[in-house]
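The structure appears below as structure tokens.
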2 protein chains.
Amino acid sequence: MPSTKTQMSKETLLPKLAAHVLQHGLGGASLRPLAKAAETSDRMLLYHFGNKEALIRELLAYIAEVYSTALDMALGDSRPKTRKECFERVLAQGRQPAMQPFMVLWWEIVAGSARGLPGYGEAAGEMITKQLEWLQSQMPADDPDPEGGARYLLTLLEGTLMLGTVGHKQTALEGLLASSLASSLAGEPKGD
Amino acid sequence: MPSTKTQMSKETLLPKLAAHVLQHGLGGASLRPLAKAAETSDRMLLYHFGNKEALIRELLAYIAEVYSTALDMALGDSRPKTRKECFERVLAQGRQPAMQPFMVLWWEIVAGSARGLPGYGEAAGEMITKQLEWLQSQMPADDPDPEGGARYLLTLLEGTLMLGTVGHKQTALEGLLASSLASSLAGEPKGD
DNA sequence: AAGGGATTGTAGCAACTGCTACATTATTGG
DNA sequence: CCAATAATGTAGCAGTTGCTACAATCCCTT
């Protein structure tokens, strides 16, 4: 009978904890439900992580890491030809149904970051940094300013995503169309 | 003349509850601390609001209302001359120290909205709608497209604010340099 | 095989959660 | 003034919270 009592470590626990948190949120996460999701006991979680705060901190770092490698694997096979195409590609990726749980968690991380909760700010900063790198690598090959353009698109993207989550998706999209940004989105050098 | 003096009602409770929530957050808010902040008992809060969910819902609606009237009173005495000036004015307002507690709460509302918590989405939507109206009323008088421009600036603004809360204020500002606002932003000293 | 550290189970504590039952006081209409 | 209703206080319940004490078991080294 392979009723093997698998030895547990942080490394085996974290993926299950992350899965639970992605589904049920960070704020309401308490030890016993987390332990159940990881097929352990609260006793064990505290044994491995010390206390809840450290657990959340490590969990957030792990999630940021997972997000980072996910972005690495999502590197587009082909470069977009325009900034607009680049923006749309990234926006579409952020709105994939599979991405939804992560997006929901993301805003919780931002909120915790704003409130100064331990670990939140670091994780949020890492994830944004990574996304910026990724975005820059996805910029059109002939873009006159890939670095600044990526930063600009990131700002626009996050604003668009946020408005989307509060029911103003249309507002953001119409804003993009109705501005001189249209040319900027097209990646054409400014002649203004 | 109606009743001479109501001892305690939702109307007298809500401001104190809002103050407490602005300081300590929504997620961790529980009845007894809320009651203490409002100089009552948990018993009374439930008497007036029915249950906690309804309390939070009404509290969020009240906060959205307060925010709305605050924006009304913050109507600029003079119209900005450019979109850039308009953007900077609103951004500066959002970064005032007095605005900080509200900003922190705002991201919690966005997070709750993303998670579908009752009342959060409605409050967030109202607040964004109001901010959009306000922004539109603050657009330059000669703007070719005040409606679309306001939507664009709002998207940019929210992205900028969010990046600021996760430690990427500089990223957003540098991104703006590469945007359609660049012409007016160029040559300005960077501040961080 | 024995010792010893690493790992895990069981039980429980004190504080807190939303909420309720019951009793009491205050206010007001008849 | 008295009764009805609104408003408040007291006490507590059942469940959850993070965390701990204590003991048992595992596995590796000697």
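Please read all numbers here as calculations on a predicted model, not as lab measurements. A note on names: the letters A, B, ... follow the listed sequences, proteins ahead of strands, and every chain is numbered from 1.
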query = Any idea which of C:dG18, D:dA6, C:dG9 is nearest the A:S41 side chain?
reply = C:dG9
request  = Grab the NZ-P distance between A:K52 and D:dT17 for me, whole Å please.
outcome  = 8 Å
key: Under 3.5 Å: donor-acceptor pair, side chain of B:E108, backbone of B:G27   = yes
key: Whole-Å gap separating P (D:dT8) and OH (B:Y47)   = 7 Å
query = Within the side chain of A:S68, is there an N or O that forms a donor-acceptor pair under 3.5 Å with the backbone of A:A64?
reply = no
note = To the nearest angstrom, the CZ-C1' distance between A:R43 and C:dC13 comes to 15 Å
request  = Specify the separation, in whole Å, of atom CG of A:L34 and atom P of D:dT16.
outcome  = 15 Å
inquiry  = Checking contacts here: which listed nucleotide (C:dC19, D:dC19, C:dT8) is nearest the side-chain heavy atoms of A:N51?
reply    = D:dC19
query = What nucleic acid atoms does B:A35 come within less than 4.0 Å of, heavy atoms only: base, sugar-phosphate, or nothing?
reply = nothing
ask   = Counting only side-chain N and O atoms of B:H48, is one of them less than 4.0 Å from OP1 or OP2 of D:dT8?
value = yes
ask   = Under the 3.5 angstrom rule, does the side chain of B:R83 hit a backbone N or O of B:A150 as a donor-acceptor pair?
value = no
message = Tell me the interatomic distance from B:M44, atom CE, to C:dC19, atom C1', rounded to whole angstroms.
response = 13 Å
task = Take the protein atom CZ of B:R57 and the nucleotide atom P of C:dG18, then report the distance between them rounded to whole Å.
result = 16 Å
key: Whole-Å gap separating P (D:dG12) and CG (B:L46)   = 19 Å
ask   = Do B:M103 and A:Y120 belong together in a cluster built from hydrophobic side chains that touch within less than 4.5 Å?
value = yes
message = Just to be sure I understand the rule, does B:D42 reach a base, reach only the sugar-phosphate, or reach nothing, if contact means heavy atoms closer than 4.0 Å?
response = base
Nucleotide C:dG9, atom P - distance to CZ of A:R32 in whole Å = 14 Å
